[in-house]
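Since the structure comes first, as structure tokens, the remarks are kept for the end.
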Amino acid sequence: MRAERKHKRQCAACREYRDKEELIRITRDSASGEIKVNQEGKYHGRSVYICKNKECVDKIIRNKKTEALLRREITEKIKEEVYTVLKN
């Protein structure tokens, strides 16, 4: 049998590779164009992954590069959702 393979993704802030489950995913939904916190993986589209630590989240939330990567503005609602995921 084949060994189970972990999916690695790179944090947009610190650039470290981590297991997909260890990261917060922010996605621009390809169907609606909205920015959503995508922990369940049910939205498809352009995504940014962030480590679950305050330094990385702060760096990404303040950085306009993230908005350029997603090609949309990150609203206050999304910022609050990211910090809620971080606390849990």
Side-chain angles (χ1 to χ4, degrees):
M1 293 198 105
R2 196 190 285 181
E4 188 175 325
R5 192 170 72 179
K6 293 278 187 173
H7 296 282
K8 300 274 187 182
R9 298 292 184 264
Q10 187 178 36
C11 173
C14 68
R15 314 300 283 173
E16 287 187 29
Y17 285 92
R18 299 183 185 274
D19 290 338
K20 194 174 169 181
E21 296 79 27
E22 296 176 20
L23 301 166
I24 299 170
R25 181 180 182 200
I26 301 174
T27 303
R28 184 190 69 197
D29 186 26
S30 58
S32 67
E34 293 180 50
I35 302 291
K36 301 177 180 184
V37 178
N38 189 10
Q39 287 304 101
E40 299 84 29
K42 62 183 175 181
Y43 304 113
H44 301 284
R46 182 173 282 279
S47 297
V48 173
Y49 291 88
I50 311 167
C51 292
K52 291 182 181 177
N53 67 54
K54 189 167 179 3
E55 294 80 26
C56 287
V57 170
D58 288 343
K59 185 175 180 180
I60 290 301
I61 293 298
R62 290 188 313 236
N63 192 343
K64 292 291 182 185
K65 183 180 178 186
T66 305
E67 292 179 352
L69 289 170
L70 294 171
R71 299 182 182 140
R72 293 281 189 277
E73 181 181 349
I74 297 176
T75 63
E76 289 300 316
K77 178 184 172 194
I78 297 301
K79 292 176 185 178
E80 290 173 16
E81 283 184 49
V82 170
Y83 281 110
T84 301
V85 170
L86 181 64
K87 289 178 186 175
N88 296 335

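Quick note: numbers below take in every heavy atom, side chains included, and nothing from hydrogens, waters or symmetry partners.
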Measure across Leu23 and Cys11 and return the closest heavy-atom pair with its distance rounded to 0.1 Å.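 That closest heavy-atom pairing would be CD2-CB, 4.5 Å.
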
Can you name the one residue among Glu81, Glu80, Lys77, Lys79 that meets side chain to side chain contact (heavy atoms under 4.5 Å, CB included) with Val37?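 With Val37 as partner, Glu81, Glu80, Lys77, Lys79 yield a single side chain to side chain contact (heavy atoms under 4.5 Å, CB included), made by Glu81.
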
Run Ile26 and Ser47 through side chain to side chain contact (heavy atoms under 4.5 Å, CB included) and show every step you take. CA-CA 6 Å; Ile26 301 174; Ser47 297; over 6 Å; no

Calculate, to the nearest 0.5 Å, the distance between atoms [atom1] and [atom2] belonging to [X] and [Y] respectively.
| X | Y | atom1 | atom2 | value |
| --- | --- | --- | --- | --- |
| Ile78 | Glu73 | CD1 | CD | 11.0 Å |
| His7 | Asp19 | NE2 | CG | 10.0 Å |
| Ile24 | Tyr83 | CD1 | OH | 9.5 Å |
| Leu86 | Ile50 | CG | CD1 | 9.5 Å |
| Glu34 | Tyr43 | CD | OH | 8.5 Å |

Would you kindly say whether Asn38 and Tyr49 are connected by a side-chain donor-acceptor distance under 3.5 Å?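 No, because no side-chain N or O of Asn38 sits under 3.5 Å from a partner of the opposite role on Tyr49.
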
Qualifying residues under salt bridge (charged side-chain N to carboxylate O under 4.0 Å, His left out), relative to Glu22, sequence neighbours excluded: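 So Glu22 forms no salt bridge (charged side-chain N to carboxylate O under 4.0 Å, His left out) with any residue.
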
Any donor-acceptor N/O pair, [X] side chain to [Y] backbone, under 3.5 Å:
| X | Y | result |
| --- | --- | --- |
| Thr27 | Gly45 | no |
| Glu16 | Gln10 | no |
| Arg72 | Gly33 | yes |
| Arg28 | Arg46 | no |

Are Leu70 and Val48 close enough, and set up right, to give a side chain to side chain contact (heavy atoms under 4.5 Å, CB included), and what steps lead you there? CA-CA 7 Å; Leu70 294 171; Val48 173; 3.7 Å; yes

Above 12 or not: heavy atoms from other molecules or residues under 6.0 Å from NZ of Lys59?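 No - once you tally the heavy atoms of other residues, nucleotides and ligands closer than 6.0 Å, there are 12 at most.
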
The criterion is side-chain hydrogen bond (donor to acceptor under 3.5 Å, both in side chains); which residues satisfy it with Ser32, sequence neighbours excluded?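 Checked Ser32 against side-chain hydrogen bond (donor to acceptor under 3.5 Å, both in side chains); matches are Asp29.
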
